[in-house]
2 protein chains.
Amino acid sequence: MKKSSTQSVQDYLKRIYELTENGSPASTNDLARELNIKPASVTGMIQKLAAEKPALLEYQKHQGVTLTPTGKRAALEVIRHHRLLETWLVQTLGYAWDEVHEEAERLEHVISEDFERRIAAALGHPLRDPHGELIPTADLKMPADKSTSLSALRKKQAGRILCVKSADADLLRHLNEIGLTPNTMIEVIDYSPFDHNLTIKVEKKTYVLGLSITSKIFLEIA
Amino acid sequence: MKKSSTQSVQDYLKRIYELTENGSPASTNDLARELNIKPASVTGMIQKLAAEKPALLEYQKHQGVTLTPTGKRAALEVIRHHRLLETWLVQTLGYAWDEVHEEAERLEHVISEDFERRIAAALGHPLRDPHGELIPTADLKMPADKSTSLSALRKKQAGRILCVKSADADLLRHLNEIGLTPNTMIEVIDYSPFDHNLTIKVEKKTYVLGLSITSKIFLEIA
DNA sequence: TTCTGAATTTAGGCTTGACTAATTATATTT
DNA sequence: AAATATAATTAGTCAAGCCTAAATTCAGAA
Ligand SMILES: [Mn+2]
Ligand SMILES: [Mn+2]
Ligand SMILES: [Mn+2]
Ligand SMILES: [Mn+2]
(Lines give C-alpha, C1' and ligand atoms only; values in the text may rest on other atoms or scores of the structure.)
(Ligands and ions follow the chains in the order given, each with its own letter.)
Protein backbone atom coordinates (compact mmCIF):
# COMPACT_ATOMS: atom_id res chain seq x y z
CA MET A 1 0.00 0.00 0.00
CA LYS A 2 2.03 2.91 1.30
CA LYS A 3 5.65 2.64 0.24
CA SER A 4 7.68 3.82 3.22
CA SER A 5 10.15 6.59 2.54
CA THR A 6 13.90 6.67 3.07
CA GLN A 7 15.70 8.12 6.07
CA SER A 8 16.61 11.20 4.04
CA VAL A 9 13.09 11.87 2.86
CA GLN A 10 11.76 11.42 6.39
CA ASP A 11 14.22 14.00 7.68
CA TYR A 12 13.25 16.48 4.98
CA LEU A 13 9.55 16.09 5.79
CA LYS A 14 10.15 16.43 9.51
CA ARG A 15 12.13 19.65 9.10
CA ILE A 16 9.62 21.06 6.67
CA TYR A 17 6.86 20.35 9.17
CA GLU A 18 8.75 22.22 11.87
CA LEU A 19 9.65 25.15 9.63
CA THR A 20 6.08 25.57 8.40
CA GLU A 21 4.40 25.39 11.80
CA ASN A 22 4.24 29.18 11.80
CA GLY A 23 2.09 29.09 8.69
CA SER A 24 4.62 30.29 6.12
CA PRO A 25 6.40 28.07 3.59
CA ALA A 26 9.88 26.71 4.34
CA SER A 27 12.64 28.30 2.28
CA THR A 28 15.33 26.32 0.52
CA ASN A 29 18.03 28.00 2.57
CA ASP A 30 16.35 27.41 5.93
CA LEU A 31 15.89 23.76 5.07
CA ALA A 32 19.49 23.47 3.96
CA ARG A 33 20.67 24.94 7.27
CA GLU A 34 18.46 22.68 9.37
CA LEU A 35 19.45 19.56 7.45
CA ASN A 36 23.13 20.38 7.08
CA ILE A 37 22.84 19.93 3.36
CA LYS A 38 23.77 22.38 0.61
CA PRO A 39 20.92 24.45 -0.84
CA ALA A 40 21.45 23.05 -4.32
CA SER A 41 20.87 19.55 -3.01
CA VAL A 42 17.73 20.65 -1.20
CA THR A 43 16.31 22.08 -4.42
CA GLY A 44 16.87 18.74 -6.10
CA MET A 45 15.14 16.80 -3.36
CA ILE A 46 12.12 19.03 -2.97
CA GLN A 47 11.54 19.00 -6.70
CA LYS A 48 11.55 15.22 -6.58
CA LEU A 49 9.19 15.04 -3.61
CA ALA A 50 6.81 17.53 -5.23
CA ALA A 51 6.72 15.38 -8.36
CA GLU A 52 5.87 12.06 -6.69
CA LYS A 53 2.65 10.26 -7.56
CA PRO A 54 0.85 11.40 -4.44
CA ALA A 55 2.90 14.57 -3.93
CA LEU A 56 4.48 14.92 -0.50
CA LEU A 57 4.83 18.65 -0.79
CA GLU A 58 3.73 21.75 -2.67
CA TYR A 59 6.47 23.64 -4.43
CA GLN A 60 6.78 26.66 -6.69
CA LYS A 61 10.14 27.93 -7.73
CA HIS A 62 11.58 30.53 -5.40
CA GLN A 63 8.49 30.37 -3.19
CA GLY A 64 9.49 27.67 -0.70
CA VAL A 65 7.58 24.50 0.16
CA THR A 66 4.63 23.39 2.25
CA LEU A 67 3.53 19.86 3.03
CA THR A 68 0.54 18.22 1.37
CA PRO A 69 -1.77 16.21 3.66
CA THR A 70 0.17 13.11 2.61
CA GLY A 71 3.50 14.72 3.44
CA LYS A 72 2.17 16.03 6.72
CA ARG A 73 1.08 12.58 7.81
CA ALA A 74 4.48 11.16 6.93
CA ALA A 75 6.13 13.95 8.93
CA LEU A 76 3.89 13.40 11.95
CA GLU A 77 4.66 9.70 11.84
CA VAL A 78 8.38 10.42 12.20
CA ILE A 79 7.83 13.10 14.82
CA ARG A 80 5.69 10.70 16.84
CA HIS A 81 8.46 8.13 16.67
CA HIS A 82 11.05 10.67 17.71
CA ARG A 83 9.16 12.01 20.69
CA LEU A 84 7.98 8.64 21.94
CA LEU A 85 11.55 7.38 21.70
CA GLU A 86 12.93 10.32 23.63
CA THR A 87 10.34 9.80 26.33
CA TRP A 88 11.08 6.17 26.50
CA LEU A 89 14.87 6.58 26.61
CA VAL A 90 14.46 8.88 29.59
CA GLN A 91 11.87 6.80 31.41
CA THR A 92 13.26 3.34 30.97
CA LEU A 93 16.97 3.70 30.31
CA GLY A 94 17.76 6.67 32.51
CA TYR A 95 18.97 9.00 29.77
CA ALA A 96 19.12 12.70 30.69
CA TRP A 97 16.99 15.05 28.62
CA ASP A 98 20.06 16.42 26.87
CA GLU A 99 21.23 12.97 25.77
CA VAL A 100 18.18 11.64 23.95
CA HIS A 101 17.93 13.68 20.80
CA GLU A 102 20.77 12.18 18.78
CA GLU A 103 19.78 8.64 19.66
CA ALA A 104 16.13 9.26 18.75
CA GLU A 105 17.21 10.93 15.53
CA ARG A 106 18.59 7.62 14.32
CA LEU A 107 16.09 5.22 15.88
CA GLU A 108 13.03 7.10 14.59
CA HIS A 109 13.62 5.79 11.07
CA VAL A 110 13.92 2.10 11.82
CA ILE A 111 11.37 1.17 14.47
CA SER A 112 8.27 -0.74 13.39
CA GLU A 113 4.69 0.34 13.99
CA ASP A 114 4.52 -2.55 16.40
CA PHE A 115 7.45 -1.15 18.36
CA GLU A 116 5.80 2.26 18.38
CA ARG A 117 2.59 0.79 19.81
CA ARG A 118 4.47 -1.16 22.44
CA ILE A 119 6.44 1.76 23.84
CA ALA A 120 3.42 4.07 23.67
CA ALA A 121 1.45 1.57 25.73
CA ALA A 122 4.34 0.91 28.13
CA LEU A 123 4.63 4.64 28.75
CA GLY A 124 0.89 5.06 29.26
CA HIS A 125 0.37 6.99 26.02
CA PRO A 126 2.22 10.14 27.07
CA LEU A 127 1.12 13.54 25.74
CA ARG A 128 4.52 15.24 25.84
CA ASP A 129 8.17 14.23 25.42
CA PRO A 130 10.95 14.99 27.96
CA HIS A 131 11.31 18.52 26.61
CA GLY A 132 7.60 19.07 26.85
CA GLU A 133 7.00 18.86 23.11
CA LEU A 134 3.56 17.55 22.18
CA ILE A 135 3.51 13.99 20.85
CA PRO A 136 1.33 13.46 17.76
CA THR A 137 -1.49 11.01 18.50
CA ALA A 138 -1.60 7.45 17.17
CA ASP A 139 -3.91 8.61 14.38
CA LEU A 140 -1.38 11.30 13.50
CA LYS A 141 -3.01 14.49 14.68
CA MET A 142 -0.88 17.12 16.40
CA PRO A 143 -2.65 18.25 19.58
CA ALA A 144 -3.37 21.97 19.83
CA ASP A 145 -0.61 23.94 21.50
CA LYS A 146 -1.72 26.67 23.88
CA SER A 147 1.66 27.70 25.22
CA THR A 148 3.17 31.18 25.30
CA SER A 149 6.82 32.02 24.81
CA LEU A 150 8.56 33.20 27.95
CA SER A 151 10.03 36.02 25.84
CA ALA A 152 6.52 37.48 25.54
CA LEU A 153 6.00 37.75 29.29
CA ARG A 154 6.54 40.97 31.25
CA LYS A 155 6.98 42.10 34.84
CA LYS A 156 4.73 40.33 37.35
CA GLN A 157 3.48 37.71 34.90
CA ALA A 158 3.94 34.12 35.96
CA GLY A 159 3.40 30.65 34.60
CA ARG A 160 4.32 27.00 34.49
CA ILE A 161 6.88 25.72 32.01
CA LEU A 162 5.32 23.45 29.41
CA CYS A 163 8.11 23.05 26.91
CA VAL A 164 11.73 23.84 26.13
CA LYS A 165 12.29 23.96 22.38
CA SER A 166 15.96 23.20 21.88
CA ALA A 167 18.19 20.37 20.81
CA ASP A 168 21.30 22.09 22.17
CA ALA A 169 22.65 19.70 24.79
CA ASP A 170 24.73 22.34 26.56
CA LEU A 171 21.76 24.66 26.90
CA LEU A 172 19.54 21.83 28.11
CA ARG A 173 22.07 20.81 30.75
CA HIS A 174 22.34 24.39 31.93
CA LEU A 175 18.58 24.83 32.14
CA ASN A 176 18.31 21.60 34.07
CA GLU A 177 20.92 22.83 36.54
CA ILE A 178 19.03 26.02 37.30
CA GLY A 179 15.74 24.16 37.43
CA LEU A 180 14.12 25.40 34.25
CA THR A 181 12.39 22.19 33.21
CA PRO A 182 8.78 21.36 32.34
CA ASN A 183 6.28 21.82 35.15
CA THR A 184 8.40 24.34 37.01
CA MET A 185 6.68 27.58 38.08
CA ILE A 186 8.30 30.82 36.93
CA GLU A 187 7.66 34.45 37.77
CA VAL A 188 8.92 37.44 35.80
CA ILE A 189 10.53 39.99 38.09
CA ASP A 190 11.80 42.45 35.56
CA TYR A 191 12.12 43.21 31.87
CA SER A 192 14.84 45.18 30.15
CA PRO A 193 13.48 46.66 26.92
CA PHE A 194 16.91 47.30 25.40
CA ASP A 195 18.33 43.79 25.30
CA HIS A 196 15.06 41.97 25.98
CA ASN A 197 16.55 40.38 29.06
CA LEU A 198 14.07 38.99 31.56
CA THR A 199 14.75 38.65 35.27
CA ILE A 200 12.85 35.63 36.50
CA LYS A 201 12.32 33.90 39.80
CA VAL A 202 12.48 30.12 40.08
CA GLU A 203 12.30 28.38 43.44
CA LYS A 204 13.47 31.43 45.44
CA LYS A 205 16.32 32.15 43.06
CA THR A 206 16.47 34.79 40.36
CA TYR A 207 18.19 34.68 36.98
CA VAL A 208 18.60 37.14 34.14
CA LEU A 209 17.93 35.43 30.83
CA GLY A 210 18.61 36.70 27.32
CA LEU A 211 16.32 36.37 24.35
CA SER A 212 18.20 33.37 23.00
CA ILE A 213 17.02 31.49 26.08
CA THR A 214 13.61 33.04 26.78
CA SER A 215 12.49 32.52 23.21
CA LYS A 216 12.96 28.78 23.63
CA ILE A 217 10.94 28.35 26.80
CA PHE A 218 7.16 28.06 26.55
CA LEU A 219 4.64 28.21 29.35
CA GLU A 220 1.08 28.08 30.43
CA ILE A 221 0.35 31.47 31.98
CA ALA A 222 -0.82 31.32 35.57
CA MET B 1 39.55 6.84 15.15
CA LYS B 2 37.48 4.01 13.76
CA LYS B 3 35.22 5.14 10.95
CA SER B 4 31.96 3.28 11.44
CA SER B 5 30.75 1.24 8.50
CA THR B 6 27.46 1.37 6.65
CA GLN B 7 24.45 -0.82 7.30
CA SER B 8 25.28 -2.87 4.21
CA VAL B 9 28.86 -3.47 5.20
CA GLN B 10 27.80 -4.43 8.71
CA ASP B 11 25.40 -7.01 7.33
CA TYR B 12 28.08 -8.48 5.08
CA LEU B 13 30.50 -8.81 7.99
CA LYS B 14 27.88 -10.35 10.24
CA ARG B 15 26.95 -12.99 7.66
CA ILE B 16 30.56 -13.74 6.89
CA TYR B 17 31.21 -14.26 10.57
CA GLU B 18 28.36 -16.74 10.79
CA LEU B 19 29.33 -18.58 7.62
CA THR B 20 32.95 -18.93 8.68
CA GLU B 21 32.27 -20.12 12.22
CA ASN B 22 32.90 -23.66 11.01
CA GLY B 23 36.43 -22.71 10.04
CA SER B 24 36.07 -22.67 6.27
CA PRO B 25 35.85 -19.53 4.12
CA ALA B 26 32.45 -18.14 3.09
CA SER B 27 31.66 -18.61 -0.58
CA THR B 28 30.27 -15.87 -2.79
CA ASN B 29 27.12 -17.85 -3.46
CA ASP B 30 26.43 -18.66 0.17
CA LEU B 31 26.84 -15.02 1.08
CA ALA B 32 24.57 -13.96 -1.75
CA ARG B 33 21.89 -16.35 -0.55
CA GLU B 34 22.12 -15.22 3.08
CA LEU B 35 22.06 -11.55 2.16
CA ASN B 36 19.43 -11.79 -0.58
CA ILE B 37 21.80 -10.10 -2.95
CA LYS B 38 22.97 -11.31 -6.36
CA PRO B 39 26.38 -13.05 -6.45
CA ALA B 40 27.80 -10.46 -8.84
CA SER B 41 27.07 -7.72 -6.32
CA VAL B 42 28.65 -9.73 -3.53
CA THR B 43 31.86 -10.08 -5.53
CA GLY B 44 31.98 -6.31 -5.93
CA MET B 45 31.47 -5.66 -2.25
CA ILE B 46 33.95 -8.20 -0.95
CA GLN B 47 36.60 -6.90 -3.31
CA LYS B 48 36.03 -3.44 -1.94
CA LEU B 49 36.17 -4.59 1.69
CA ALA B 50 39.34 -6.57 1.06
CA ALA B 51 40.96 -3.49 -0.43
CA GLU B 52 40.26 -1.08 2.45
CA LYS B 53 43.11 0.53 4.35
CA PRO B 54 42.87 -1.82 7.30
CA ALA B 55 41.32 -4.72 5.35
CA LEU B 56 38.11 -6.08 6.79
CA LEU B 57 38.47 -9.41 5.09
CA GLU B 58 40.84 -11.74 3.31
CA TYR B 59 39.91 -12.56 -0.25
CA GLN B 60 41.37 -14.53 -3.12
CA LYS B 61 39.48 -15.00 -6.30
CA HIS B 62 37.29 -18.11 -6.36
CA GLN B 63 38.44 -19.02 -2.84
CA GLY B 64 35.84 -17.30 -0.71
CA VAL B 65 36.45 -14.89 2.15
CA THR B 66 37.45 -14.90 5.79
CA LEU B 67 37.43 -12.01 8.24
CA THR B 68 40.56 -10.24 9.36
CA PRO B 69 40.82 -9.43 13.08
CA THR B 70 39.49 -5.95 12.26
CA GLY B 71 36.57 -7.37 10.33
CA LYS B 72 35.86 -9.88 13.05
CA ARG B 73 35.65 -7.19 15.69
CA ALA B 74 33.27 -5.18 13.53
CA ALA B 75 31.14 -8.30 13.04
CA LEU B 76 31.07 -9.10 16.74
CA GLU B 77 30.05 -5.54 17.51
CA VAL B 78 26.97 -5.91 15.30
CA ILE B 79 26.19 -9.38 16.62
CA ARG B 80 26.41 -8.10 20.19
CA HIS B 81 23.99 -5.33 19.31
CA HIS B 82 21.63 -7.76 17.65
CA ARG B 83 21.53 -10.25 20.47
CA LEU B 84 21.32 -7.68 23.25
CA LEU B 85 18.47 -6.01 21.39
CA GLU B 86 16.58 -9.25 20.96
CA THR B 87 16.98 -10.02 24.64
CA TRP B 88 15.83 -6.60 25.57
CA LEU B 89 12.81 -6.58 23.26
CA VAL B 90 11.65 -9.81 24.88
CA GLN B 91 12.40 -8.81 28.46
CA THR B 92 11.11 -5.27 28.51
CA LEU B 93 8.59 -4.92 25.70
CA GLY B 94 7.03 -8.36 25.80
CA TYR B 95 7.96 -9.45 22.31
CA ALA B 96 7.75 -13.19 21.59
CA TRP B 97 10.95 -14.93 20.54
CA ASP B 98 9.71 -15.24 16.98
CA GLU B 99 9.01 -11.51 16.68
CA VAL B 100 12.34 -9.99 17.62
CA HIS B 101 14.66 -10.83 14.76
CA GLU B 102 13.42 -8.39 12.14
CA GLU B 103 13.25 -5.53 14.59
CA ALA B 104 16.77 -6.21 15.88
CA GLU B 105 18.03 -6.53 12.32
CA ARG B 106 17.25 -2.85 11.76
CA LEU B 107 18.03 -1.46 15.21
CA GLU B 108 21.44 -3.13 15.43
CA HIS B 109 22.92 -0.62 12.97
CA VAL B 110 21.78 2.59 14.62
CA ILE B 111 22.14 2.24 18.38
CA SER B 112 25.02 4.02 20.10
CA GLU B 113 27.64 2.40 22.26
CA ASP B 114 26.01 4.23 25.14
CA PHE B 115 22.68 2.61 24.34
CA GLU B 116 24.40 -0.77 24.15
CA ARG B 117 25.92 -0.28 27.59
CA ARG B 118 22.64 0.85 29.08
CA ILE B 119 20.60 -2.12 27.91
CA ALA B 120 23.38 -4.56 28.78
CA ALA B 121 23.43 -3.18 32.31
CA ALA B 122 19.62 -3.06 32.57
CA LEU B 123 19.48 -6.73 31.55
CA GLY B 124 22.19 -7.72 34.01
CA HIS B 125 24.78 -8.47 31.30
CA PRO B 126 23.06 -11.53 29.87
CA LEU B 127 25.12 -14.36 28.39
CA ARG B 128 22.55 -15.57 25.86
CA ASP B 129 19.76 -14.07 23.76
CA PRO B 130 16.15 -15.35 23.68
CA HIS B 131 17.10 -18.12 21.26
CA GLY B 132 19.99 -19.14 23.45
CA GLU B 133 22.65 -17.71 21.16
CA LEU B 134 25.77 -16.56 22.97
CA ILE B 135 26.17 -12.81 23.26
CA PRO B 136 29.66 -11.48 22.49
CA THR B 137 31.19 -9.79 25.52
CA ALA B 138 31.62 -6.03 25.86
CA ASP B 139 35.25 -6.40 24.79
CA LEU B 140 34.09 -8.31 21.73
CA LYS B 141 35.08 -11.87 22.45
CA MET B 142 32.70 -14.66 21.54
CA PRO B 143 32.36 -17.03 24.52
CA ALA B 144 33.23 -20.66 23.83
CA ASP B 145 30.30 -22.74 22.75
CA LYS B 146 30.09 -26.24 24.21
CA SER B 147 26.74 -27.28 22.84
CA THR B 148 25.91 -30.38 20.81
CA SER B 149 23.40 -30.59 18.00
CA LEU B 150 20.30 -32.56 18.86
CA SER B 151 20.73 -34.28 15.49
CA ALA B 152 23.88 -35.94 16.85
CA LEU B 153 22.09 -37.58 19.79
CA ARG B 154 20.90 -41.15 19.79
CA LYS B 155 18.58 -43.45 21.76
CA LYS B 156 18.69 -42.91 25.52
CA GLN B 157 20.77 -39.77 25.38
CA ALA B 158 19.34 -36.71 27.09
CA GLY B 159 20.15 -33.08 27.64
CA ARG B 160 19.02 -29.55 28.25
CA ILE B 161 18.30 -27.21 25.35
CA LEU B 162 20.80 -24.38 25.16
CA CYS B 163 20.02 -22.80 21.83
CA VAL B 164 17.71 -22.86 18.83
CA LYS B 165 19.49 -21.61 15.74
CA SER B 166 16.78 -20.32 13.45
CA ALA B 167 15.29 -17.03 12.34
CA ASP B 168 12.21 -18.77 10.88
CA ALA B 169 9.28 -17.27 12.81
CA ASP B 170 6.91 -20.13 11.95
CA LEU B 171 9.36 -22.74 13.17
CA LEU B 172 10.06 -20.78 16.35
CA ARG B 173 6.35 -20.44 17.10
CA HIS B 174 5.90 -24.17 16.57
CA LEU B 175 8.80 -25.07 18.82
CA ASN B 176 7.47 -22.76 21.48
CA GLU B 177 4.08 -24.49 21.30
CA ILE B 178 5.54 -27.92 21.88
CA GLY B 179 7.85 -26.60 24.58
CA LEU B 180 11.18 -26.84 22.81
CA THR B 181 12.77 -23.69 24.17
CA PRO B 182 16.06 -23.04 25.96
CA ASN B 183 16.45 -24.73 29.35
CA THR B 184 13.96 -27.48 28.56
CA MET B 185 15.09 -31.05 29.24
CA ILE B 186 14.90 -33.50 26.35
CA GLU B 187 15.35 -37.25 26.10
CA VAL B 188 15.88 -39.20 22.90
CA ILE B 189 13.55 -42.19 22.72
CA ASP B 190 14.35 -43.46 19.29
CA TYR B 191 16.39 -42.85 16.18
CA SER B 192 15.51 -43.77 12.61
CA PRO B 193 18.69 -44.17 10.57
CA PHE B 194 16.99 -43.87 7.20
CA ASP B 195 15.42 -40.43 7.49
CA HIS B 196 17.40 -39.34 10.55
CA ASN B 197 14.18 -38.74 12.45
CA LEU B 198 14.48 -38.60 16.22
CA THR B 199 11.71 -39.48 18.62
CA ILE B 200 12.12 -37.31 21.69
CA LYS B 201 10.36 -36.90 24.98
CA VAL B 202 9.62 -33.45 26.40
CA GLU B 203 7.54 -33.01 29.53
CA LYS B 204 5.83 -36.43 29.27
CA LYS B 205 5.05 -35.95 25.59
CA THR B 206 6.85 -37.47 22.62
CA TYR B 207 7.47 -36.00 19.19
CA VAL B 208 9.12 -37.25 16.04
CA LEU B 209 11.40 -34.58 14.62
CA GLY B 210 13.11 -34.46 11.22
CA LEU B 211 16.66 -33.39 10.54
CA SER B 212 15.57 -29.91 9.47
CA ILE B 213 14.47 -29.36 13.05
CA THR B 214 16.95 -31.44 15.06
CA SER B 215 19.89 -29.84 13.30
CA LYS B 216 18.81 -26.44 14.61
CA ILE B 217 18.49 -27.38 18.26
CA PHE B 218 21.61 -27.45 20.44
CA LEU B 219 21.98 -28.85 23.90
CA GLU B 220 24.14 -29.50 26.85
CA ILE B 221 24.24 -33.27 27.25
CA ALA B 222 23.03 -34.54 30.62
C1' DT C 1 42.87 -35.66 -19.70
C1' DT C 2 39.18 -33.43 -21.67
C1' DC C 3 34.49 -31.96 -21.17
C1' DT C 4 30.83 -29.72 -18.91
C1' DG C 5 28.00 -27.52 -15.46
C1' DA C 6 28.25 -24.72 -11.47
C1' DA C 7 30.42 -20.99 -9.25
C1' DT C 8 32.47 -16.73 -9.75
C1' DT C 9 33.96 -12.60 -11.80
C1' DT C 10 33.82 -8.80 -15.20
C1' DA C 11 31.51 -5.23 -17.72
C1' DG C 12 28.17 -1.96 -18.07
C1' DG C 13 24.02 0.40 -16.07
C1' DC C 14 20.84 2.39 -12.75
C1' DT C 15 19.08 4.90 -8.50
C1' DT C 16 19.63 7.66 -4.47
C1' DG C 17 21.28 11.51 -2.52
C1' DA C 18 24.96 14.22 -1.87
C1' DC C 19 28.51 18.12 -3.82
C1' DT C 20 30.61 22.33 -6.56
C1' DA C 21 30.39 25.89 -9.87
C1' DA C 22 27.82 28.65 -12.76
C1' DT C 23 23.50 30.90 -13.74
C1' DT C 24 19.13 33.12 -12.92
C1' DA C 25 15.57 35.13 -10.25
C1' DT C 26 14.08 37.99 -6.49
C1' DA C 27 14.54 41.64 -3.16
C1' DT C 28 16.74 45.77 -1.44
C1' DT C 29 18.86 50.06 -2.17
C1' DT C 30 19.89 54.07 -4.15
C1' DA D 1 14.16 52.49 -12.46
C1' DA D 2 18.73 50.68 -12.24
C1' DA D 3 22.22 48.48 -9.52
C1' DT D 4 23.42 45.27 -6.33
C1' DA D 5 23.10 41.68 -2.97
C1' DT D 6 20.97 37.50 -1.65
C1' DA D 7 18.38 33.36 -2.54
C1' DA D 8 17.44 29.71 -5.48
C1' DT D 9 18.03 26.84 -9.44
C1' DT D 10 20.53 24.40 -13.07
C1' DA D 11 24.23 21.65 -14.83
C1' DG D 12 27.54 18.47 -14.27
C1' DT D 13 30.00 14.96 -10.88
C1' DC D 14 30.52 11.48 -7.62
C1' DA D 15 30.22 7.45 -4.32
C1' DA D 16 27.49 3.56 -2.58
C1' DG D 17 25.23 -0.45 -3.66
C1' DC D 18 22.55 -2.79 -6.21
C1' DC D 19 21.24 -5.19 -10.96
C1' DT D 20 21.60 -8.08 -15.59
C1' DA D 21 24.14 -10.24 -19.10
C1' DA D 22 28.35 -11.98 -20.67
C1' DA D 23 32.76 -13.96 -19.75
C1' DT D 24 35.73 -16.91 -17.16
C1' DT D 25 37.43 -20.32 -13.88
C1' DC D 26 37.14 -24.49 -11.36
C1' DA D 27 36.03 -29.17 -10.15
C1' DG D 28 34.07 -33.54 -10.97
C1' DA D 29 32.76 -36.99 -14.51
C1' DA D 30 33.62 -39.36 -18.54
MN1 LIG E 1 14.51 15.76 19.85
MN1 LIG F 1 16.62 11.62 11.59
MN1 LIG G 1 18.22 -12.83 15.40
MN1 LIG H 1 20.86 -5.86 9.53
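Because the structure is a prediction, the values reported are computed rather than measured. So you know, we letter chains A, B, ... as the sequences are listed, proteins then strands, and number each from 1.
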inquiry  = Using a heavy-atom cut-off of 4.0 Å across all strands, would you classify S41(B) as base, sugar-phosphate, or nothing?
reply    = base
request  = Name the nucleic acid region contacted by T43(A), choosing base, sugar-phosphate or nothing; use a 4.0 angstrom heavy-atom cut-off, strictly under.
outcome  = base
message = Do the side chains of R80(B) and E113(B) get close enough for a salt bridge, i.e. N-O under 4.0 angstrom?
response = no
key: K165(A) atom NZ: more than 12 heavy-atom contacts under 6.0 Å   = yes
message = Just so I know, are the side chains of K216(A) and C163(A) near enough to count as touching, which here means a heavy-atom distance under 4.5 Å?
response = no
message = Testing E105(A), H81(A), E77(A), H109(A) one by one against K14(A) for a side chain to side chain donor-acceptor pair (under 3.5 Å), which residue passes?
response = E105(A)
message = With a 4.0 Å cut-off on N to O distance, would you call E86(A) and R83(A) a salt bridge?
response = no
query = What is the bend of the helix from dT1(C)-dA30(D) to dT30(C)-dA1(D) when you compare the axis at one end with the axis at the other, using five pairs each and rounding to 10°?
reply = 10°
query = Can you tell me how far OH of Y12(B) sits from CG of L31(B), rounded to the nearest 0.5 angstrom?
reply = 7.5 Å
Under 3.5 Å donor-acceptor pairs involving side-chain atoms of residues 56-72 of chain A, not counting sequence neighbours:
unit_1: Y59(A); atom_1: OH; unit_2: Q47(A); atom_2: NE2; d: 3.3
unit_1: T68(A); atom_1: OG1; unit_2: A55(A); atom_2: O; d: 2.7
unit_1: T68(A); atom_1: OG1; unit_2: L56(A); atom_2: O; d: 3.1
unit_1: T68(A); atom_1: OG1; unit_2: T70(A); atom_2: N; d: 3.4
unit_1: T68(A); atom_1: OG1; unit_2: G71(A); atom_2: N; d: 3.1

note = Residues of residues 50-59 of chain A with a heavy atom under 4.0 Å from any atom of DNA chain D, listed by number, are Y59(A)
ask   = Can you name the residues that form a side-chain hydrogen bond (donor to acceptor under 3.5 Å, both in side chains) with E133(B), not counting sequence neighbours?
value = none
ask   = Between which nucleotides of DNA chain C, 5' to 3', does chain A make heavy-atom contacts below 4.0 Å?
value = dG17(C) to dT26(C)
key: Audit row: E99(B), R118(A), salt bridge (Lys or Arg N to Asp or Glu O under 4.0 Å) steps and yes/no   = CA-CA 13 Å; E99(B) 299 173 317; R118(A) 285 176 194 261; 3.2 Å; yes
inquiry  = I'd like to check H131(A) versus L172(A) (side-chain heavy atoms, cut-off strictly below 4.5 Å). Are they in contact?
reply    = yes
message = Distance under 4.0 Å to a non-hydrogen atom of chain A counts as contact; along DNA chain D, which nucleotides mark the start and end?
response = dA7(D) to dT10(D)
ask   = Mapping Q7(A) and Q63(B) onto DNA chain C by nearest heavy atom, which one lands closer to the 5' end?
value = Q63(B)
key: Heavy-atom side-chain proximity of L219(B) to L153(B) below 4.5 angstrom   = yes
ask   = Does R15(A) come within less than 4.0 Å of D11(A), counting only side-chain N to carboxylate O?
value = no
task = Could you tell me how the ring of W88(A) sits relative to the ring of F115(A): parallel (under 30°), tilted (30 to 60°) or perpendicular (over 60°)?
result = perpendicular
